[in-house]
Amino acid sequence: MSRYYLTTAIDYSNGDPHIGHAYEKVGADVIARFHRLAGDDVHFVIGMDEHGQKVAQEAAAQGRSPQDLVDELAARFEAVWGRLHISHDDFIRTTEPRHTTAVQALVRRIRDAGDLYEDRYEGYYCTGCEAFKREAELEDGKCPIHPSREIVWTEEENWFFRLSAYRDRLLEHIEAHPEFVQPESRRNEILRLLEGGLEDISASRSRVPWGVPFPDEDGHTVYVWFDALPNYISAIGYPGDGFADTWPAALHVIGKDITRFHCVIWPAMLLSAGLELPDVVWGHGFVKIGGGKLSKSEAKQLDLDQLIDRHGPDAFRYFLLREIPWDRDRDFPSVEAFLDQFDERYNSDLANDLGNLLNRTVAMARKYRDGAIVPPGGTALDDAIDDALETYVDAMRQHRLHDGLDAAMTIVRAANGFIDSEEPWKLAREPKRAERLDAVLAALARGLATTAVLLQPFIPAKAAEMWERLGGDEMPALAELPHRLPTALPERADSVLFPRFEREPRSG
RNA sequence: GGCAGGGUAGCUCAGUCUGGUCAGAGCGGGGGACUCAUAAGCCCUAGGUCGCGGGUUCGAAUCCCGCCCCUGCCA
């Protein structure tokens with residue numbers, strides 16, 4: 001059993017969870033569940049990024065403490081992850097003592113390695129961006145992103161990290177391990193960036209008290225990347241003894257907008273500290289509406305609780321990964337189009353194809369054979385199942401989640417076609433063809449059982465329900481699947497797995 | 001301004017690296033035969049200047065040049 005440590009980006013405590021957060025968590029959860037299914041010893045961590053000026057300002061505006069604010073947000077995020085069946089093993093928050101300990105230990109190691117130095121920094125500082133701006137970036141003396149915020153001329157003594165010193169080693173690493181940055185489009189981006197050269201970056205701040213105290217430097221806190229990125233090691237006990245059992249991570253799942261931090265700054269920090277680099281950083285794409293990022297109002301219209309309520313959590317998970325390729329962006333013309341597509345996909349794939357297949361198969365097996373199922377084999381459907389299994393595993397191992405999902409659904413489509421070509425209702429009227437009917441029903445049951453297992457990472461609750469309705473007990477691991485097929489249906493009558501959704505006429 | 005990705009049927013996309021069954025899939029729409037089933041499933045059906053203009057070639061969505069537009073990152 002091999003260790004498989006995967007993480008997602010930690011979410012910044014500056015607002016409620018939205019569909020973008022959910023997409024990333026669901027995708028990572030599918031990967032985590034797939035690896036458990038494949039027999040790996042999975043450790044899956046998500047969490048919150050809770051420091052920084054914006055959090056402090058928002059808390060002040062609400063007249064409460066920053067800790068109070070982030071506690072509430074963390075609870076809201078965790079509640080949504082619970083509703084979405086996210087199966088994380090740990091939830092790291094950067095305000096936890098274990099995180100402070102790890103960050104300070106890491107900073108000390110990097111300083112001991114000679115990669116931190118003090119320097120004076122001066123320039124225009126935007127309080128909205130929490131960053132220095134070049135004069136050329138300002139418009140009429142204001143930050144173009146935060147024109148209402150003030151720009152202040154600031155002089156600071158800060159600690160700097162010698163990022164520039166790691167350019168060559170990073171280039172060499174990526175060239176030797178092309179899988180380190182995926183998908184390929186992200187890798188190309190990072191390679192171009194590295195070829196252009198790197199500048200040193202700030203490691204401390206003297207004016208942002210809401211953060212991890214910089215070791216041995218009163219009044220300074222650790223700057224963003226040194227605060228947020230080490231969550232991946234603080235969550236597994238760095239610098240304690242157990243850390244080495246889990247590190248390095250097999251996979252960091254992140255949004256493509258922060259690839260730079262994870263593929264340049266983070267590995268440079270790890271190299272400096274003498275730690276191993278993660279195996280893979282995966283920069284997924286985004287849900288887009290009308291050609292661009294989700295606006296605030298669009299994000300609000302796509303409220304997570306409402307989306308989950310619409311057809312249930314599993315259907316929402318299915319839709320996200322069926323429609324939005326894990327390695328690219330997906331654009332919907334409008335919020336309405338998104339919802340229409342969700343409804344259509346739910347009905348056509350889950351209700352009509354999958355749910356109805358289960359229903360008709362179970363009904364025939366009961367009607368013609370009183371629920372008994374013989375060992376399967378030898379039909380065209382059996383062959384299709386074998387092919388789909390292979391395609392599925394191959395796609396999933398390469399994190400091509402949408403292809404994996406499609407492979408699983410291939411079985412469903414093949415099974416529906418199989419029923420119509422075999423016409424079991426005719427076989428049932430001809431006693432001479434009883435054996436063929438047995439084989440047909442067995443292949444269908446096997447197809448559904450296999451589908452349940454392959455879909456388990458995507459729709460965990462509904463997959464388990466399918467498995468039970470077929471008469472299975474515990475869901476098997478992938479390797480056990482051929483030996484653990486159900487042999488008889490349970491006696492109870494079933495309700496439908498995915499009730500068809502009839503849309504209400506739209507008003508206006 | 002630099003870098004990257006993209007502009008193909010109503011919608012979302014595959015195909016472009018390795019030029020000639022490359023004009024495709026899914027959904028939606030239209031038609032048909034069945035009946036085990038959630039009026040689901042199955043079969044048939046899409047004639048879209050493959051962003052625009054040149055060029056190379058016997059032949060280009062697919063290669064080359066120029067241009068337009070969209071998106072993201074960086075500046």
Side-chain angles (χ1 to χ4, degrees), chain A residues 20 131 133-138 144-145 181 183-199 254-264 283-294 311 319 322-325 327-334 336-369 400 402-403 405-406 409-410 412-429 437 440-441 444-445 448 494-503:
Chain A
K133 297 275 160 179
R134 294 163 186 240
E135 197 161 359
E137 292 178 67
L138 300 178
I145 305 166
V181 192
E184 189 181 1
S185 53
R186 301 279 89 78
R187 177 161 66 244
N188 291 336
E189 247 172 53
I190 294 300
L191 285 172
R192 293 297 96 71
L193 181 80
L194 289 171
E195 284 161 9
L198 298 174
E199 289 182 11
I254 58 164
K256 63 176 190 176
D257 55 334
I258 51 174
T259 327
R260 212 164 52 93
F261 303 129
H262 286 78
C263 300
V264 177
H284 68 252
F286 295 125
V287 185
K288 300 200 295 183
I289 300 286
K293 280 187 191 171
L294 265 71
H311 306 299
F319 177 65
R322 177 68 179 79
E323 288 291 329
I324 307 160
D327 59 348
R328 280 188 297 271
D329 292 343
R330 165 68 145 90
D331 188 24
F332 294 88
S334 64
E336 291 71 30
F338 178 95
L339 294 175
D340 287 348
Q341 190 70 23
F342 186 13
D343 296 343
E344 279 168 13
R345 194 51 88 179
Y346 172 79
N347 272 348
S348 69
D349 288 14
L350 297 178
N352 297 352
D353 288 353
L354 178 59
N356 183 51
L357 172 65
L358 178 66
N359 233 22
R360 63 198 302 215
T361 297
V362 164
M364 288 190 284
R366 286 219 173 95
K367 198 167 185 173
Y368 306 141
R369 287 295 181 265
R400 296 199 324 268
H402 49 289
D403 290 334
L405 188 51
D406 188 61
M409 293 304 284
T410 297
V412 174
R413 287 189 288 271
N416 275 319
F418 183 67
I419 293 177
D420 284 270
S421 65
E422 294 291 335
E423 301 180 302
W425 47 93
K426 285 188 185 168
L427 297 177
R429 287 184 224 122
L437 179 56
V440 167
L441 293 173
L444 288 171
L448 278 161
D494 295 323
S495 56
V496 293
L497 191 65
F498 293 103
R500 224 184 122 75
F501 174 73
E502 302 301 339
R503 188 183 320 174

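Chain letters run A, B, ... following the sequence lines, proteins first, then strands; residues in each count from 1. Quick caveat: nothing in here was measured; it's all calculated off a predicted structure.
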Side chain of [X], heavy atoms from C-beta onward: which of [options] has the nearest atom to it?
| X | options | result |
| --- | --- | --- |
| A:Lys367 | B:C36, B:G72, B:U38 | B:C36 |
| A:Asn416 | B:C36, B:G41, B:G26 | B:G41 |
| A:Glu344 | B:C74, B:C27, B:G72 | B:C27 |
| A:Val496 | B:A14, B:G41, B:U38 | B:U38 |
| A:Arg192 | B:C3, B:G41, B:C11 | B:C3 |
| A:Pro333 | B:C73, B:A37, B:U12 | B:U12 |
| A:Ser348 | B:C27, B:U38, B:C42 | B:C27 |
| A:Lys288 | B:G26, B:U71, B:G41 | B:U71 |
| A:Arg330 | B:U38, B:U12, B:C36 | B:U12 |

(Q) Counting only Watson-Crick pairs (N1-N3 plus N6-O4 or O6-N4) and G-U wobbles (N1-O2, O6-N3), all under 3.5 Å, who is the partner of B:G66? (A)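 Matched B:G66 with B:C52 under the 3.5 Å cut-off.
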
**Q.** Pair partner, B:G2 [Watson-Crick or wobble, under 3.5 Å]
**A.**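 B:C73 is the nucleotide pairing with B:G2.
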
OP1 or OP2 of [N] under 4.0 Å from side-chain N/O of [X]:
| X | N | value |
| --- | --- | --- |
| A:Arg413 | B:A25 | no |
| A:Arg500 | B:A40 | yes |
| A:Asn352 | B:G41 | yes |

Roughly how many Å apart are [M] and [N], using the [atom1] atom of each and rounding to a whole number?
| N | M | atom1 | value |
| --- | --- | --- | --- |
| B:G7 | B:U18 | C1' | 24 Å |
| B:G26 | B:C44 | P | 10 Å |
| B:U45 | B:G53 | C1' | 36 Å |
| B:C42 | B:A25 | P | 15 Å |
| B:C52 | B:C70 | C1' | 15 Å |
| B:G66 | B:G29 | P | 45 Å |
| B:U71 | B:C65 | C1' | 25 Å |
| B:G72 | B:C63 | C1' | 27 Å |

I'd like to know if the side chain of [X] and the backbone of [Y] have a donor-acceptor N/O pair within less than 3.5 Å.
| X | Y | value |
| --- | --- | --- |
| A:Arg187 | A:Val181 | yes |
| A:Asp329 | A:Phe286 | yes |
| A:Thr361 | A:Leu358 | no |
| A:His284 | A:Ile254 | yes |

Whole angstroms only, please: what is the [atom1]-[atom2] distance between [X] and [N]?
| X | N | atom1 | atom2 | answer |
| --- | --- | --- | --- | --- |
| A:Glu423 | B:A33 | CD | P | 15 Å |
| A:Asn359 | B:U38 | CG | C1' | 6 Å |
| A:Leu448 | B:C36 | CG | C1' | 13 Å |
| A:Asp329 | B:G6 | CG | C1' | 10 Å |
| A:Ile419 | B:U38 | CD1 | P | 13 Å |
| A:Asp327 | B:G5 | CG | C1' | 12 Å |
| A:Arg328 | B:C70 | CZ | C1' | 17 Å |

Q) Does A:Arg330 count as lying over the ring of A:Phe332, i.e. NZ or CZ under 6.0 Å from the six-ring centre, within 45 degrees of the axis? A)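 Satisfied, under 6.0 Å and within 45°.
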
Q | Toward the 5' end of RNA chain B, by each residue's nearest nucleotide, A:Phe332 or A:Arg322 | A |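 By nearest-heavy-atom nucleotide position, the 5'-most residue is A:Phe332.
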
Q.
Using heavy-atom distances to pick each residue's nearest nucleotide on RNA chain B, tell me which of A:Phe261 and A:Met364 is more 5'.
A.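 Checking each residue's closest nucleotide, the 5'-ward one belongs to A:Met364.
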
Q) Between A:Phe319 and A:Phe338, is the ring centre distance below 6.0 Å? A)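 They qualify: ring centres under 6.0 Å apart.
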
Q) Is there a donor N/O on one and an acceptor N/O on the other, under 3.5 Å, for the side chain of A:Asn356 and the base of B:G41? A)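 Absent.
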
Q. What distance do A:Glu422 atom CD and A:Leu437 atom CG have between them, rounded to the nearest 0.5 Å?
A.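 The CG atom of A:Leu437 is 9.5 Å from CD of A:Glu422, to the nearest 0.5 Å.
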
